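All remarks here apply to the structure that follows.
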Amino acid sequence: MISTGTLYTVSAPSGAGKTSLVNALVARRSDLRVSVSHTTRAIRPGEREGINYHFIEEEEFLAMLARSEFLEHARVFDNLYGTSSVWVTEQLQAGVDVVLEIDWQGARQVKRVMPETRSVFILPPSRATLVERLTTRGQDDPATIARRMSQAVEEISHYVESDYLVVNEKFEHALGELESIVNAERSRTVHQQVRLSHMLQDLLQP
């Protein structure tokens, strides 16, 4: 018998560092996989199809949505994002833990469909830090940065919906907190009694 994997959602305002944290976490853990979302936004410099996102046209996205192929979907900054329900289900049934790096709207949808999902929200240590990160990464013009900052307040207000809250002030510390969440979830009795079934049988012999 295989223990079902755990599904995690990781959300944050733009610039809080969730992508870097998730990438670093997965690099440490070979038994943890990130779902590659579908999106209608344009590919950015350095991104790769099938690695960062599945980049598709809006017409194709809407067709997939009509076929109920998304576990969750949302429109963010005029672009559509969605998570493949088939891929996530296959991974979980195989006992693999899966991370969804999505916004709060998507995390809410996933939690509604799969209540056992563990949700994590990443916070920046201050507004000033968030502005600095958005500016120094060099991906957005000033108007876009201003727009993202105005949206950040609304996004951050939804931290109360998450199971875990991590402040990304010092990267390694935040990464350690994320990994401790995964370790704690894997130690839950519902999972351990499956993984340790043979040992438990031996220990419980009369």
Side-chain angles (χ1 to χ4, degrees), residues 5-26 32-41 44 52-53 61 65 68 70-85 88 92 97-135 137 139-140 143-171 173-182 184-185 188:
T6 299
L7 180 61
Y8 299 90
T9 60
V10 180
S11 307
S14 181
K18 73 178 183 298
T19 298
S20 297
L21 285 169
V22 168
N23 287 344
L25 178 64
V26 173
L32 189 66
R33 297 181 186 172
V34 177
S35 173
V36 179
S37 299
H38 291 70
T39 183
T40 59
R41 77 158 170 77
R44 291 172 177 167
N52 302 98
Y53 288 97
F61 189 103
L65 183 60
S68 300
F70 292 123
L71 175 62
E72 61 79 28
H73 68 281
R75 182 178 291 275
V76 182
F77 296 119
D78 300 324
N79 297 302
L80 291 165
Y81 295 81
T83 301
S84 169
S85 58
V88 169
L92 295 177
D97 291 347
V98 176
V99 177
L100 305 184
E101 184 192 332
I102 54 181
D103 76 317
W104 68 267
Q105 299 173 72
R108 177 186 284 179
Q109 291 179 52
V110 172
K111 194 80 166 181
R112 186 181 302 122
V113 177
M114 303 176 70
E116 67 278 13
T117 300
R118 295 294 178 258
S119 55
V120 183
F121 200 96
I122 309 296
L123 288 172
S126 67
R127 291 174 65 95
T129 299
L130 189 59
V131 172
E132 180 182 1
R133 289 175 181 173
L134 287 171
T135 303
R137 72 182 185 176
Q139 294 180 347
D140 302 309
T144 301
I145 291 173
R147 182 183 179 188
R148 290 189 185 279
M149 280 302 301
S150 64
Q151 185 70 21
V153 175
E154 165 64 17
E155 294 172 333
I156 291 173
S157 71
H158 293 277
Y159 80 88
V160 294
E161 300 176 25
S162 63
D163 297 310
Y164 297 97
L165 196 59
V166 175
V167 178
N168 184 18
E169 180 172 12
K170 295 184 179 180
F171 185 85
H173 181 75
L175 179 57
E177 289 192 342
L178 271 181
E179 188 166 22
S180 70
I181 291 169
V182 174
E185 288 296 327
R188 292 176 64 212

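This is a predicted model, so every value here is computed, not measured.
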For [X], I'd like to know if atom [atom1] has over 12 heavy atoms of other residues, nucleotides or ligands within 6.0 Å.
X    : atom1 : result
R41  : CZ    : yes
R127 : CZ    : no
Y159 : OH    : no

Inset, instruction - Classify the side-chain pair E161/S119 by whether it contains a donor and acceptor separated by less than 3.5 Å. - result: no
Grab the two heavy atoms, one from [X] and one from [Y], that are nearest each other, plus how far apart they are.
X    : Y    : result
A152 : L130 : CB-CD2, 3.8 Å
Q105 : A74  : CB-CB, 4.3 Å
A12  : E155 : O-OE1, 4.5 Å
S126 : T129 : OG-OG1, 2.9 Å
G82  : F61  : N-CE1, 3.6 Å
Y8   : V182 : OH-CA, 3.5 Å

Can you tell me how far [atom2] of [Y] sits from [atom1] of [X], rounded to the nearest 0.5 angstrom?
X    : Y    : atom1 : atom2 : result
M114 : S85  : CE    : OG    : 10.0 Å
D97  : L7   : CG    : CG    : 9.0 Å
L71  : I102 : CG    : CD1   : 7.5 Å
Y164 : I181 : OH    : CD1   : 6.0 Å
S162 : K111 : OG    : NZ    : 9.0 Å
L25  : S20  : CG    : OG    : 12.5 Å

Inset, instruction - Check whether any side-chain N or O of N168 sits under 3.5 Å from a backbone N or O of I122 as a donor-acceptor pair, and report yes or no. - result: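 No: the side chain of N168 does not pair with the backbone of I122.
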Inset, instruction - Please answer whether the main-chain N or O of L80 pairs with a side-chain N or O of T40 as donor and acceptor at a distance below 3.5 Å. - result: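 Yes; at least one donor-acceptor contact below 3.5 Å.
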Inset, instruction - Can you sort out the partners of E185 under salt bridge (charged side-chain N to carboxylate O under 4.0 Å, His left out), two or more places apart, ordered by chain and number? - result: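 Only R118, R188 meet the salt bridge (charged side-chain N to carboxylate O under 4.0 Å, His left out) criterion with E185.
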Inset, instruction - Indicate the ring-plane relationship of F70 and H38, choosing parallel, tilted or perpendicular according to the 30° and 60° boundaries. - result: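 Answer is perpendicular, since the angle exceeds 60°.
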Inset, instruction - Begin with the C-alpha distance, continue with both residues' side-chain angles, and end with the deciding distance and a verdict on side-chain contact (heavy atoms from CB on, under 4.5 Å) for L21 and V10. - result: CA-CA 10 Å; L21 285 169; V10 180; over 6 Å; no
Inset, instruction - Take E72 and R108 through the test side-chain contact (heavy atoms from CB on, under 4.5 Å) and record every step on the way to the result. - result: CA-CA 9 Å; E72 61 79 28; R108 177 186 284 179; over 6 Å; no
